[in-house]
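Note that the structure is predicted; figures quoted are calculated from it, not measured. All residue numbers refer to positions in the sequence shown, counting from 1.
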Amino acid sequence: MYPSPQVPEVPADQVPADALLLDVREDDEWAAGHAEGAVHVPLGEVPIRYSEVGDVTAERPVYVVCRSGGRSARAVEWLAEHDVPAVNVGGGTIAWARAGRPMASENGQQPTVS
């Protein structure tokens, strides 16, 4: 299943500008380029660190992003199982960059999706 039919998903260009955004990619991917304002928690650490995102409510869910949408869908499934309102960002950071959404990097270079 990629993503699962029960995983709520929105295209990258429809994520609200003030959304709580969680990037579940690995450290090197994050450093190369990520959505501006996102919180970085690698997928394997989501169960112990998801609260770092902020105040998630039904009215203000967390939007979860990875490179292309697979890992973030798994994170959304896990969050939903633990009653955390979450939405997958369809197409991931690739779609985010293609949509012209704001990006940043941690390596002093122009942001890229790796």
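By the neighbour-count criterion of 12 heavy atoms within 6.0 Å, atom CZ of R98 is sparsely surrounded, having that number or fewer from other residues, nucleotides or ligands. The neighbour count for D28 CG, taken as heavy atoms of other residues, nucleotides or ligands under 6.0 Å away, is above 12.
Listed for the R101 side chain is a donor-acceptor partner under 3.5 Å among the backbone atoms of A12. Within the 3.5 Å criterion, the main-chain N or O of C66 finds no donor-acceptor partner in the side chain of W96. Of the possible donor and acceptor atoms, none in the side chain of N88 sits under 3.5 Å from a partner among the backbone N and O of E9.
Considering every non-hydrogen atom in both V56 and P61, the closest pair reads CG1-CA, 3.9 Å. Residue D23 comes nearest to A38 through the heavy atom pair CB-CB, 4.4 Å, listed as atom of the first residue, atom of the second, then distance. Of all non-hydrogen atoms in P8 and A86, the two that sit nearest each other are CG-O, 3.3 Å. Nearest heavy-atom pair across A32 and S105 is O-CB, 3.4 Å.
Of the charged side-chain nitrogens involved, none lies within less than 4.0 Å of a carboxylate oxygen, so that R67 and E26 do not count as a salt-bridged pair.
By the 4.5 Å heavy-atom criterion applied to side chains, Y50 and L79 are counted as neighbours. No side-chain heavy atom of V41 sits under 4.5 Å from any side-chain heavy atom of V24. Using a 4.5 Å cut-off on side-chain heavy atoms (C-beta onward), L21 and V62 make no contact. Side-chain contact between T112 and M103 is absent, with no heavy atoms from C-beta onward closer than 4.5 Å.
Both V10 and I94 belong to a single network of hydrophobic side chains, linked directly or stepwise wherever heavy atoms of I, L, V, M, F, W or Y lie under 4.5 Å apart. Under a hydrophobic clustering in which Ile, Leu, Val, Met, Phe, Trp and Tyr are joined whenever their side-chain heavy atoms come within less than 4.5 Å, directly or via other members, L20 and L43 fall into the same cluster. Both V53 and V64 are assigned to one and the same hydrophobic cluster, defined by single-linkage of ILVMFWY side chains at heavy-atom distances under 4.5 Å. Placement of V39 and V89 in two distinct hydrophobic clusters is found when ILVMFWY residues are connected by side-chain heavy-atom separations under 4.5 Å, directly or transitively.
For E52 and H40, the side-chain atoms include no donor-acceptor pair closer than 3.5 Å.
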Inset, instruction - Take H34 and E106 through the side chain to side chain contact (heavy atoms under 4.5 Å, CB included) test and state the conclusion after the steps. - result: CA-CA 9 Å; H34 54 84; E106 301 298 309; 2.8 Å; yes
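No cation-pi contact links R25 to W30, judged by a cut-off of 6.0 Å to the six-membered ring centre and 45° from its axis.
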